[in-house]
**Student:** 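This is the structure I want to talk about, given as structure tokens.
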Amino acid sequence: MPSKKTVLALAIALRLNIDETQDVLACAGYALSHGVKFDVIVEFFIVHEMFDVFTINEMLFRYEQPLLGQ
């Protein structure tokens, strides 16, 4: 069973839109939460079709969140 972080990293790598990302997360038993800073940051990048993992990780690091791919 992949972690939520792994599912989101896969969604970024596959350049899934927000609906596709939510479907994949649901299949793995997860959902995005607006109460979780990590989820809000990653969702922002997906919604705005910004799939550069380095840019996403830079923002995650700035807000002291776990990075994708670690």
**Student:** What is the distance from atom CD1 of I12 to atom CZ of F45, rounded to the nearest 0.5 Å?
**Tutor:** 9.0 Å
**Student:** To check you understand the geometry: which heavy-atom pair defines the closest contact between A11 and T21, and what is its length?
**Tutor:** CB-OG1, 3.6 Å
**Student:** For E20, which residues count as a salt bridge (Lys or Arg N to Asp or Glu O under 4.0 Å) partner, sequence neighbours excluded?
**Tutor:** none
**Student:** Of all the heavy-atom pairs spanning S33 and V40, show the shortest one and how long it is.
**Tutor:** O-CG2, 4.0 Å
**Student:** What salt bridge (Lys or Arg N to Asp or Glu O under 4.0 Å) pairs are there with at least one residue in residues 36-52, not counting sequence neighbours?
**Tutor:** K4-D39
**Student:** Measure the CG-CD distance between N57 and Q65 for me, rounded to the nearest 0.5 Å.
**Tutor:** 11.5 Å
**Student:** For P66 and L60, which heavy atoms make the closest approach, and how far apart are they?
**Tutor:** O-CD1, 3.5 Å
**Student:** When rounded to the nearest 0.5 angstrom, what is the spacing between OG1 in T6 and OH in Y30?
**Tutor:** 8.0 Å
**Student:** To the nearest 0.5 Å, what is the distance between CZ (F51) and CG (L14)?
**Tutor:** 10.0 Å
**Student:** Just how far is it from atom CD1 of I18 to atom CG of D23, taken to the nearest 0.5 Å?
**Tutor:** 10.0 Å
**Student:** If only atom types and distance count, is the side chain of K5 paired as donor or acceptor with the main-chain N or O of L67 below 3.5 Å?
**Tutor:** yes
**Student:** Output all residues satisfying ring pair (Phe, Tyr, Trp, His ring centres under 6.0 Å) with H48, sequence neighbours left out; order by chain, then residue number.
**Tutor:** F44
**Student:** Test L8 against L32 for side-chain contact (heavy atoms from CB on, under 4.5 Å), laying out the working first.
**Tutor:** CA-CA 10 Å; L8 287 171; L32 291 172; 4.0 Å; yes
**Student:** Could you tell me which non-hydrogen atom of N17 sits nearest to which non-hydrogen atom of I46, and how far apart they are?
**Tutor:** C-CG2, 3.8 Å
**Student:** Does the side-chain contact (heavy atoms from CB on, under 4.5 Å) test come out yes or no for L68 and F38, once each step is laid out?
**Tutor:** CA-CA 10 Å; L68 293 172; F38 175 86; 3.8 Å; yes
